Enquirer: 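Take a look at the following structure, please.
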Amino acid sequence: MADRPVLLLGGTAEARSLAADLHAAGIPVVSSLAGRVRDPRLPVGPVRIGGFGGVEGLVGWLREHDVAAVVDATHPFARTMSEHAAGAAEQLGTPLLRLRRPAWQPSESDRWEQVADIGEAARAVADRTVAHLAGVDPSGMDSAGRRLRVLLTTGRQDVGVFADNADAWFLIRVVDPPTCPLPPRHQIVRSRGPYDLSGELTLLRENSIDVLVTKNSGGDLTRAKLTAAAELGVPVVMVQRPPEPALGTAVHTAAAAKEWIAHLNA
Ligand code: NAP
């Protein structure tokens, strides 16, 4: 592949790390971002921003730039982009690698309610809201007459499904403010990880959080909230990852991805 570039679909810390490694090794790479975040952390090297226009648009882009391989290092919940990458790679016979951080696994002390998708998470929170107000909170504490207090860390695109929950109070942590309808009782806290344990403990304690809602993103940068929840006995509604496309090879680290690319070069 010598001078032919790798297309690196990013928006994650792993993608930035791989872009830096490839750049340092002199392997041509173009990073691609969706353009969702106003002020994104940019990887080193060439970057393009914005959608390709579906599978056909991506096929055209790969052809035009004579791309040697596609590395899908998008977030584990960016399902559409991953499917498009697999579809385009299949059409052109382009090698495809998925770089995915491993999912978080519950430990003995974790109290996770695992749900299949964000809609199911909203239903789980609605059930807990009713039980909490009635004083039969699943955690066993006396909650009669108190509103359920929810820490929502699922990202701004997924807040809308909680909008019709008028009885719980939501602390919504996001990078950029959501533009969708919001639940009537809420507070927005804008921040970007990484987060540490002492900060997460303080956030949960000071806001008297009863339940944490998160997607199973995996990785170390946002893991502290799970440790804090376990320490404080706060239950977690954990949204499981969507299925991955069947095509391509999968690795967990930027180092393994770099090795896979080096083999293509050999
Ligand atoms: P998505 O639903 O899978 O993708 C929707 C559309 O956005 C895609 O069809 C594509 O448009 C465009 N797109 C997505 N990722 C792209 C990329 N890296 N480069 C160029 N176009 C991209 O994606 P999403 O869940 O909205 O995530 C968008 C970006 O944010 C991804 O890059 C992802 O890595 C990052 N991110 C997502 C989450 C999350 O929870 N979903 C969390 C952190 C970071 P076209 O069809 O026009 O090509």
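Atoms considered below: every heavy atom in the structure, side chains included; atoms not considered: hydrogens, waters and symmetry mates. If you're wondering where the values come from, they're calculated on a predicted model, not measured in any experiment.
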Enquirer: Decide yes or no for W112 and N216: does some side-chain heavy atom of the first lie under 4.5 Å from some side-chain heavy atom of the second?
Expert: yes
Enquirer: May I ask you to decide if the ring planes of W61 and H65 are parallel, tilted or perpendicular, using 30° and 60° as cut-offs?
Expert: parallel
Enquirer: Answer whether the closest heavy-atom distance between the side chains of I261 and L22 falls below 4.5 Å.
Expert: yes
Enquirer: I need the T202 OG1 to L197 CG distance, nearest 0.5 Å.
Expert: 9.0 Å
Enquirer: Sequence neighbours left out, what passes ring-ring contact (aromatic ring centres under 6.0 Å, His included) with H23? Give chain and number order.
Expert: none
Enquirer: Looking at V67, is its backbone amide N or carbonyl O close enough to the side chain of R4 to form a donor-acceptor pair, meaning the two atoms are under 3.5 Å apart?
Expert: yes
Enquirer: Specify the closest pair of heavy atoms between V161 and A122, including all atoms of both residues, with the distance to one decimal.
Expert: O-CB, 3.5 Å
Enquirer: Would you say I27 and V71 are hydrophobically clustered, going by side-chain heavy atoms of ILVMFWY under 4.5 Å?
Expert: yes
Enquirer: With side chains defined as the heavy atoms from C-beta onward, is the minimum distance between N165 and T129 less than 4.5 Å?
Expert: yes
Enquirer: Going by heavy atoms in the side chains, are L58 and L7 under 4.5 Å from each other?
Expert: yes
Enquirer: According to a 4.5 Å side-chain heavy-atom criterion applied to Ile, Leu, Val, Met, Phe, Trp and Tyr, with indirect links allowed, do V237 and F162 form part of one hydrophobic cluster?
Expert: yes
Enquirer: Is any side-chain heavy atom of F170 closer than 4.5 Å to a side-chain heavy atom of L182?
Expert: no
Enquirer: By the definition side chain to side chain contact (heavy atoms under 4.5 Å, CB included), identify the one residue from V211, L212, I172, T214 that meets it with L152.
Expert: I172
Enquirer: Do the non-hydrogen side-chain atoms of E14 and L18 ever get within less than 4.5 Å of each other?
Expert: no
Enquirer: More than 12 non-hydrogen atoms from neighbouring residues, nucleotides or ligands closer than 6.0 Å to CD on Q91, yes or no?
Expert: yes
Enquirer: If you draw the axis of the six-membered ring of W169, does the NZ or CZ of R149 fall within 45° of it and under 6.0 Å from the ring centre?
Expert: yes
Enquirer: With sequence neighbours excluded, give me every side-chain hydrogen bond (donor to acceptor under 3.5 Å, both in side chains) pair touching residues 113-124.
Expert: E113-R128, Q114-Q240
Enquirer: For R192, I'd like to know if atom CZ has over 12 heavy atoms of other residues, nucleotides or ligands within 6.0 Å.
Expert: yes
Enquirer: Knowing that exactly one of R98, R79, R100 qualifies, which makes a salt bridge (charged side-chain N to carboxylate O under 4.0 Å, His left out) with D72?
Expert: R100
Enquirer: Honestly curious: do V159 and V150 fall in one hydrophobic cluster under the side-chain, below-4.5 Å linking rule?
Expert: yes
Enquirer: L148 pairs by side chain to side chain contact (heavy atoms under 4.5 Å, CB included) with which of L133, V125, D167, I209?
Expert: V125
Enquirer: Which heavy atom of A15 sits nearest to which heavy atom of G10, and what is that distance?
Expert: CB-CA, 3.5 Å
Enquirer: Working to the nearest 0.5 Å, report the span between CZ of R156 and CD1 of I188.
Expert: 11.0 Å
Enquirer: Output side-chain donor-acceptor pairs under 3.5 Å for residues 33-48, partner residues at least two apart or in another chain, one line each.
Expert:
from, atom 1, to, atom 2, distance (Å)
R36, NE, Q157, OE1, 3.4
R41, NH2, G193, O, 3.1
R48, NH1, S32, OG, 2.7
R48, NH1, G50, O, 2.8
R48, NH2, G50, O, 2.8
R48, NH2, G51, O, 3.4

Enquirer: Would you say the side chain of L264 lies within less than 4.5 Å of the side chain of V6, judging by non-hydrogen atoms?
Expert: no
Enquirer: Which residue in the set V213, V234, L203, V236 passes side chain to side chain contact (heavy atoms under 4.5 Å, CB included) when paired with L151?
Expert: L203
Enquirer: Do R223's NZ or CZ and the ring of Y195 fall within the cation-pi criteria of under 6.0 Å and 45°?
Expert: no
Enquirer: Inspect the contact between E200 and K225 and indicate whether a charged nitrogen and a carboxylate oxygen are less than 4.0 angstrom apart.
Expert: no
Enquirer: Under a single-linkage definition using a 4.5 Å side-chain heavy-atom cutoff for Ile, Leu, Val, Met, Phe, Trp and Tyr, are L247 and L92 assigned to the same hydrophobic cluster?
Expert: yes
Enquirer: Measuring from atom OG of S31 to atom CZ of R16, what distance do you get when rounded to the nearest 0.5 angstrom?
Expert: 10.0 Å
Enquirer: Would a single hydrophobic cluster contain both L171 and L232, if residues Ile, Leu, Val, Met, Phe, Trp and Tyr are joined by side-chain heavy-atom contacts under 4.5 Å?
Expert: yes
Enquirer: If we ignore hydrogens and angles and just use 3.5 Å, is the side chain of K215 paired with the main-chain N or O of T154 as donor and acceptor?
Expert: yes
Enquirer: Is the shortest side-chain heavy-atom distance between R101 and T12 below 4.5 Å?
Expert: yes
Enquirer: Keeping the roles fixed (side chain from R241, backbone from S217), state whether a donor-acceptor pair exists under 3.5 Å.
Expert: yes
